[in-house]
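First the structure, in the form of structure tokens, and then the observations on it.
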2 protein chains.
Amino acid sequence: MQNMQPDLARLVAETGGRPRTATQHVEAALREAILSGQLAGGTALRQEDLARAFGVSRMPVREALRQLEAQALVDFAPHKGAIVAEISAADAADTYAIRLALEPACLERSVPHLDARALDTAADLIGEMDSDPDPGRLGELNRRFHMTLYSAAGRPRLLALTETTLAGFDRYLRFHLAAHGRAHMSQDDHRAMLEAARRRDADAATRVLRHHLQTAAATLAAFFAARG
Amino acid sequence: MQNMQPDLARLVAETGGRPRTATQHVEAALREAILSGQLAGGTALRQEDLARAFGVSRMPVREALRQLEAQALVDFAPHKGAIVAEISAADAADTYAIRLALEPACLERSVPHLDARALDTAADLIGEMDSDPDPGRLGELNRRFHMTLYSAAGRPRLLALTETTLAGFDRYLRFHLAAHGRAHMSQDDHRAMLEAARRRDADAATRVLRHHLQTAAATLAAFFAARG
DNA sequence: CAATTGATGATTGGATCCAATTATGACAGG
DNA sequence: CCTGTCATAATTGGATCCAATCATCAATTG
């Protein structure tokens, strides 16, 4: 394995690393379907149906559903089955409270150690968010932008928690954008955070981030209040 | 079910709710074994052995291990199996970083809404921590004390995240106490937090909490540095 | 007629079996 | 003597089957 051909290395990279196990495949597909809204909140997830749809047995489906429950994307009840977690004003507020607790901590620890490569990646992601016409990709780009800014925090578990929270937030971002358009992506905040990070000004960056999250939370809460 | 007898209600409460499923039983038992140190970090968890030990098949064991992986108590590798997550200085710092992010947010939101019952429960728990001779129970009491103070935060997912993080912290608390004795429980901090909560002074309470966590993190880091 | 009970069908939890992957160790070659 | 290779055993991932639980609805009874 020491002299892996470039071709082979690229092939492996393209296939997403290594041949995934059936459970991982089902989990990833279901997560994507839930976050994209293809599976609406409240949908009952019958193990048999999913197994047929994926061409596997019920077992990998069961394990995938358990994993998704741990990510708060499905609600599980013994002997009753799984349903897609509902989105609600209360859950949105909960998600923002978690983000507001975790992300400033990530950013504060990361800013002093960010290298030029990460900063450039973040800048590219801002550009992609401006130019990508697919609103469905904005969630992924937004998540990658934030995680790039946090990537040098050096706290793997803290970052993992933040990433799953951000992933679960995708549904609300789509909601938000569908109602208000991409103007509410707050690209100004993103640019301000990046500039503060370039200046190694962690305090300014976290101030912008807090404001960014609080404003978004308030906007989303008002949206829910208006049309429940 | 509308006119349930008080006797029946008490009986149900005593039996701990409902008969748990095998997966839940195995998960709870393994978690307790890991947190108490009976299963040391790095221990390989063979599904077959565990299944025999619990008198069940490998399947509930598999699901329990997946659940524990989501709680960062075991490390899982496809086709390789599960091992008990190692404790380390880096992981301790990670855990404290998460606590320091989540818990002040919980406390700040909870203090304004705490009722007398919760405050009395918290006071009782401080007393129990002073008098209980079993050091193994201090982790549980400490966790319950903190969660009681956060219980009125009204953010179920934030609280759930905090509780699992606190649970995972039990191993480090035992470590800590074994080395330094119960003097380092920082009961003074606990009392100060409770008093601030009684005064509805959320700022003071969170200040004490932050100091409490930062001091404990520093002490534990020094301990790890001294004897690896 | 409402409410409870009992039977039936649908669905999940658990056990057992088979396949795929990884670890172990013997052995040939340099 | 060390290294790499190949065969074998141990272990996990997945499929299939059975048991337990829950939902649905008709029937009975007050």
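Within every chain, numbering begins at 1; the chains are lettered A, B, ... in the order of the sequence lines, protein sequences first and strands thereafter. What's counted below: heavy atoms across the whole structure, side chains too, no hydrogens, waters or symmetry copies.
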Worksheet item: Would you call A:Asp49-A:Arg52 a salt bridge at under 4.0 Å N-O?
Response: yes
Discussion item. Check whether B:Asp94 reaches the backbone of A:Arg157 with its side chain - one donor and one acceptor, N or O, closer than 3.5 Å.
Written reply: yes
Discussion item. Rounded to whole Å, how long is the line connecting atom CZ of B:Arg20 with atom C1' of D:dT21?
Written reply: 18 Å
Worksheet item: A:Arg46 CZ to C:dA10 P: how many Å, rounded?
Response: 12 Å
Item to complete: Check every strand shown and say whether B:Leu65 touches a base, only sugar-phosphate, or nothing at a heavy-atom separation below 4.0 Å.
Response: nothing
Fill in: Stepwise ring-ring contact (aromatic ring centres under 6.0 Å, His included) test for A:Phe145 and A:His190
CA-CA 8 Å; A:Phe145 170 75; A:His190 289 161; 4.7 Å; yes
Worksheet item: Is the phosphate of D:dG14, meaning OP1 or OP2, less than 4.0 Å from a side-chain N or O of A:Thr23?
Response: yes
Discussion item. Pairing donors with acceptors under 3.5 angstrom, does anything connect the side chains of B:Gln71 and B:Arg31?
Written reply: yes
Worksheet item: Are OP1 or OP2 of C:dG13 and a side-chain N or O of B:Gln24 less than 4.0 angstrom apart?
Response: no
Worksheet item: Rounded to the Å, how far apart are A:Glu27 CD and D:dG14 P?
Response: 12 Å
N/O donor-acceptor pairs under 3.5 Å from side chains in residues 134-141 of chain A, not counting sequence neighbours:
| unit_1 | atom_1 | unit_2 | atom_2 | d |
| --- | --- | --- | --- | --- |
| A:Asp134 | OD1 | A:Gly136 | N | 2.8 |
| A:Arg137 | NH1 | A:Asp132 | OD2 | 2.9 |
| A:Glu140 | OE2 | A:Arg144 | NH1 | 3.2 |

Discussion item. Would A:Arg66 pass as a cation-pi partner of A:Phe76, given that its NZ or CZ must be under 6.0 Å from the six-membered ring centre and within 45 degrees of the axis?
Written reply: yes
Item to complete: Treat primed atoms plus P, OP1 and OP2 as sugar-phosphate and everything else as base, then score nucleotides 16-23 of chain C 5' to 3': B for base contact with protein heavy atoms under 4.0 Å, S for sugar-phosphate contact only, - for none.
Response: B----SSS
Item to complete: Take the protein atom CZ of A:Arg66 and the nucleotide atom C1' of C:dT12, then report the distance between them rounded to whole Å.
Response: 10 Å
Worksheet item: Are the aromatic ring centres of A:Tyr172 and A:Tyr96 under 6.0 angstrom apart?
Response: no
Discussion item. Just the rounded figure in Å: distance from C1' of D:dG14 to CG of A:Leu50.
Written reply: 16 Å
Worksheet entry | Interatomic distance where CD belongs to B:Glu63 and P belongs to D:dG14 [whole Å] | 13 Å
Worksheet entry | Between P of C:dA10 and CG of A:Asp49, the distance in whole Å | 13 Å
Worksheet entry | For atom CZ of A:Phe76 and atom P of D:dC22, their distance in whole Å | 14 Å
